[in-house]
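Every chain is numbered from 1 and lettered A, B, ... according to where its sequence line falls, protein lines coming before strand lines. Every value quoted in this text rests on a predicted model; they were computed, and no experiment measured them.
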Amino acid sequence: MERYNFKTVEEKWQEKWAKLKVFQSKIDTSKEKFYCLEMFPYPSGNIHMGHVRNYTIGDVLSRYKSLQGFNVMHPMGWDAFGMPAENAARENNLDPKEWTKKNISTMKEQLKKLGLSIDWDREISTCSEEYYKHQQLFFLELYEKGLVYRKENYVNWDPIDQTVLANEQVIDGKGWRSGAVVERKKLNQWFFNISKFSQELLDGLDDLKQWPNKVKVMQKNWIGKSFGCEIAFKTEGDLPVKEIKCFTTRPDTLFGFSFLALSVDHEISKYFVDDKKFQEFKKECSRTGTTEEAIAIGEKIGFKTNLVAINPLNPSQKVPVFFANFVLMDYGFGAVFGCPAHDQRDFDFAKKYGLNFKTVVKPDNEKDSFEVKGEAYSGPGTLINSEFLNNLKVPEESIVKTIDILEERKIGQKKINFRLKDWGVSRQRYWGCPIPMAYDEDGNVTTIPKKDLPVKLPENIDLNSKGNPLNAKTDWKNIIINGKKYVRETDTLDTFVCSSWYYLRFCSSNNLDYGFRQEEVDYWMPVDQYIGGIEHAILHLLYSRFFMKALGYKNKKFKFKEPFEGLFTQGMVCHETYKDKNNNWLSPDEIELIGDQFFKKGDKNHKVKVGPSESMSKSKKNVIDPENIIKSYGADAVRLFILSDSPPEKDVQWSDQGMIASYKFLQKLWILHNKIKEKIKKKNDNDTENETLEKFTNQMINKITNNLEGFNYNVIVANIYETYNFLIKLIEKDKNIDIKILKESYKKILILFSPAIPHFTAECLDDINLLEKIEWPKTDKNLLVEDRIDYVVQINGKKRAILNESRDIDQNTLMSKIKLNKFSEKYLKDKSINKIIFVKNRLINLLINE
RNA sequence: GCCCUCGUGGUGAAAUUGGUAGACACAAAGGACUUAAAAUCCUUGCCAUUUAUGGAGUGCCAGUUCGAGUCUGGCCGAGGGCACCA
């Protein structure tokens, strides 16, 4: 017997699968379809362990589903536009297109070596004209539907990447990619009207039964629906301002009104353009507004105007109007009414500026004379000091009743507000999808005629020009449409636009005329299982949901409402971090273990500091290169390890020992295979044992099938080990096994293993000529029934013995067996049994007096 | 501050959904084979006197139940999301 040679075996099967186009998917209406999709990678150069985990999980599922008889589509593509290409190209004086192309071909080879069951015929790349020409058409389609518009707005400006960022791309006030503190800038931008779908996007979440709750909660919070009321406050003062509108969720606290606060960008600020003090204040706000510390401390500052606002429920009360740094322009009306007693922010502000306020809500356990001190009270209770509103229950009665009164008196109006803002899609970058728009000499917008699409990205670009390189490309920029001079839009689309519809493109990837063909989408969509990282919980997953709705808007094109029926978010791959004595990061192969202490490789005096295990990242150097690992241990071993240690939704620790163990296990499994092969060759004799194997196999079918259905992939690996432990003992026993049953059972077992270790199992099946008619085995319910049961005998709830008896025996029979057993002498002698709890085929609990 | 999730051996984790806690693996210790090492195989796993046998035991405290890792309430701790959203 030869050692198991993963290299030749894996290459052989990968070639075979490719040649026979085993994973090619075609519409077949006689079969139930299954669309399995993993988030497509950005072609950065090499695959990383995160990809290995993501794509292994998807591959296990795809293979399992096709063995079950589903018509599986499992495609792969490239999220190929984006900044890294542009940066890399600038640094190395390359063409972003060539750089991207090269990376794609490297990564494709690496993915192929994992033995993934991917239909490569459907491969797409978002940077190809073939792809983005359809995207430009969709852009125009949405424009015609009124879902795309251009406006001048404050935007998040990333000073390092020199581009605008969407709200979703700003994390802790910093750019998601560059980490630079984001600045506010006023620019003309293209927007997708995602907020039009706020309610729909919120409602749709309820239908997503196979999504993790966590993601749904995150999206729900991000959409941020709140129920309240808009109130118009009459104003008096030296400005031509008659009233100011505010949005509030707490109109019931109106009698606690103490001041009115405006955003510095509120339209009233136009009267202060020449006011130096106001301009200074505004500067101060934008400075403190963005830094993390400022937000954490939350210091409130204000600028008092000469206006006063009148309480609509109590016209004799007039309060000052301020500009304040904590009021956001893009939520509600950019103006709030301040009620310090019941809102902490308002409380802080009132305290700082010494404003008077009244307590209007009393907690239920407090006296009528209750007064807010020290901090605001925002909990439930009863309204006080509020004239005709007094005694209303807060919040169940108070809010609705107050709104009714305000509506009746035409002071206010019921209103629902969303936190979700429109999606700014303009990016001042070269390497992205051109926006098919142009401007005439007066700045009027026009669309590029559809016949002139795609608007191709120009080549030979000077990437070293300042700002957007497309802006400098005058021969591309200046065009003539219908004899009239125009200038092209030089911004490109946010790359999240590309990934918002790629799942549709896969249904028709080879169709040149359409982005997707209706009947193909009708067959394949929605994606049955989408698998990817939790980091896209809001960004990509929300945008994709929006895009689907936007495309279907006003023409009931789609039979389904949501693009991703099932979502699975896998955890990250982590590794310990290492630092040398100068606090520089070290990679795992720059260190060595001597005794129980890590040292810098080749330097026994240089101790290495071991840090916590963190998600693998280049910056911390705690990465393990999948290509090397596959080379050393083979794809099946890597797959087995990456599945084994933790549930797929949790983070997993990379462990060299664990990796080696998986590799060794396959060697052992190969030895076992050869022993079984020998057995199969022999003839049957009389002394055969078959029932145990048959039953065990059947139990495993049941276990592994259930674990696959529940995404308990780590348990499947345990099941594989369990099966090995069982088989090796069985085979090494001298007893002969019925050859027919051994063959049948072993074939089933190999099929059960195959989603995880496909090359190995294909080789084994082929080796014993059982590669024909491969399908997922079914559990035989009759075989699951055991004849003998381990009955747990408890005395006063404590386990005292286990009796192995026949199944379905009744309480009395079991009791008689118990009395014969030696332990009853010890526990039951001279004791009376007060009560017996008998659970059929499981346990018996005897309650006695101690 | 608000919201969500999770606390099980030295470690990663299982547990048929209320019924034998720790499957499976990693690490460690002891042993076998070996001149030796590696590899391989076996055993152990917290406390009590050694195989046997007891006892404690799933973050802490109560509760429901014949029986709780699992259900209920409170507390403590960890991780994640949002963060002046009125």
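Closest to the side chain of A/Gln657, from the set B/C26, B/G12, B/C66, is B/C26. For A/Phe326, the listed nucleotide lying nearest its side chain is B/C84; candidates were B/C84, B/A14, B/A23. Checking B/C24, B/G55, B/C3 against the side-chain heavy atoms of A/Arg800 singles out B/G55 as nearest. Of the candidates B/A83, B/C26, B/A13, B/C26 carries the atom nearest the A/Ala661 side chain, counting heavy atoms from C-beta on. Taking every side-chain heavy atom of A/Ser646 into account, B/A13 is the closest of B/A86, B/A13, B/C24. Distances were taken from every side-chain heavy atom of A/Val327 (C-beta onward) to each of B/A86, B/C3, B/A14; the shortest belongs to B/A86. Distance from the side chain of A/Val217 is smallest for B/C3 among the nucleotides B/A39, B/C3, B/A86. The side chain of A/Lys668 has B/C41 as its nearest neighbour among B/C24, B/G12, B/C41. Closest to the side chain of A/Leu847, out of B/C66, B/C84, B/C41, is B/C66.
Considering only side-chain N and O atoms, A/Lys220 lies nowhere under 4.0 angstrom from the phosphate OP1 or OP2 of B/C3. Taking 4.0 angstrom as the limit, A/Arg419 places a side-chain polar atom (N or O) nearer than this to OP1 or OP2 of B/A83. The phosphate of B/A14 has neither OP1 nor OP2 within less than 4.0 Å of any side-chain N or O from A/Lys703. At B/A14, one or more side-chain N or O atoms of A/Asn714 fall inside 4.0 Å of OP1 or OP2 (strictly under the cut-off). Proximity of A/Ser655 to the phosphate of B/G12: no side-chain N or O atom is located under 4.0 Å from OP1 or OP2. At B/A21, one or more side-chain N or O atoms of A/Lys799 fall inside 4.0 Å of OP1 or OP2 (strictly under the cut-off). The phosphate of B/A25 (OP1 or OP2) has a side-chain N or O of A/Asn725 nearer than 4.0 angstrom. Distances shown here put a side-chain N or O of A/Tyr331 below 4.0 Å from the OP1 or OP2 atom of B/A86. Between A/Lys798 and the phosphate of B/A68, there is no side-chain N or O to OP1/OP2 separation shorter than 4.0 Å.
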Could you give me the CA-CA distance, side-chain angles and deciding distance for A/Phe753 and A/Phe760, then say whether ring pair (Phe, Tyr, Trp, His ring centres under 6.0 Å) is met? CA-CA 9 Å; A/Phe753 289 7; A/Phe760 183 93; 8.3 Å; no
What do the steps show when you test A/Phe323 against A/Phe281 for ring pair (Phe, Tyr, Trp, His ring centres under 6.0 Å), and what is the final call? CA-CA 9 Å; A/Phe323 286 102; A/Phe281 172 74; 7.4 Å; no
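In this structure, the NZ atom of A/Lys216 is 20 Å from the P atom of B/G81, given to the nearest Å. For the pair A/Phe641 CZ and B/A25 P, the interatomic distance rounds to 15 Å; values are reported in whole Å. Rounded to an integer number of Å, the gap from A/Asp330 CG to B/C84 P is 11 Å.
Checking B/G45 for Watson-Crick or G-U wobble geometry (two distances, each under 3.5 Å) identifies no partner in any strand. In this structure B/A25 sits in a base pair with B/U11, meeting the Watson-Crick or G-U test at under 3.5 Å. Base pairing annotation: B/A86 forms no Watson-Crick or G-U wobble pair, as no partner gives both donor-acceptor distances under 3.5 Å. Across the strands present, B/U16 finds no partner; the criterion is a Watson-Crick or G-U wobble pair with both atom distances under 3.5 angstrom. Applying the Watson-Crick and G-U wobble criteria (two distances, each under 3.5 Å), B/G77 pairs with B/C6. Of the nucleotides present, B/U40 is the one that pairs with B/A32 by Watson-Crick or G-U wobble criteria, both distances under 3.5 Å. Base-pair partner of B/G67: not found among the strands shown (Watson-Crick or G-U wobble, both distances under 3.5 Å). Across every strand in view, B/A52 sits unpaired, with no contact that passes the Watson-Crick or G-U test at under 3.5 angstrom.
Using a 90° window around 0 for the glycosidic torsion, B/G69 falls outside it and is classed as anti. B/U11 takes the anti form, because its glycosidic angle lies more than 90° either side of 0.
Checking A/Phe337, A/Phe303, A/Tyr353 one by one against A/Phe322, the ring pair (Phe, Tyr, Trp, His ring centres under 6.0 Å) holds for a single residue, A/Tyr353.
Among the atoms of the strands shown, none is found under 4.0 Å from any heavy atom of A/Lys415. Nucleic acid contact class of A/Ser226 (heavy atoms, under 4.0 Å, all strands): sugar-phosphate only. Among the atoms of the strands shown, base atoms are found under 4.0 Å from some heavy atom of A/Val839. Using a 4.0 Å heavy-atom cutoff across all strands shown, A/Asp343 reaches no nucleic acid atom at all. Within 4.0 Å of A/Gln653, counting heavy atoms only, lies no atom of the nucleic acid at all. At a threshold of 4.0 angstrom between heavy atoms, the contacts of A/Leu328 include nucleobase atoms, whether or not backbone atoms are also involved. Counting any heavy atom pair closer than 4.0 Å across all strands shown, A/Phe247 reaches a base atom.
Distance check: A/Phe568 CZ to A/Glu649 CD gives 4.5 Å after rounding to the nearest 0.5 Å. Distance OH/A/Tyr633 to OG/A/Ser662: 10.5 Å, rounded to 0.5 Å.
In this structure, A/Asp346 contributes its side chain and A/Cys339 its backbone to a donor-acceptor pair below 3.5 Å. No donor-acceptor pair under 3.5 Å is formed between the side chain of A/Tyr663 and the backbone N or O of A/Ser632.
Both the sub-6.0 Å distance and the 45° axial angle are satisfied by A/Arg419 relative to the ring of A/Trp222.
Ring pair A/Tyr721/A/Phe665 is tilted by interplanar angle, where 30° to 60° counts as tilted.
Residues A/Asp651 and A/Asn221 each lie close to RNA chain B; by heavy-atom proximity, the contact nearer the 5' end of the strand is made by A/Asn221. Nearest-nucleotide positions on RNA chain B place A/Gln794 closer to the 5' end than the other of A/Gln794 and A/Ile837.
Counting distance only, with no hydrogens placed and no angle test, the side-chain atoms of A/Lys300 and the base atoms of B/C84 include a donor-acceptor pair under 3.5 Å.
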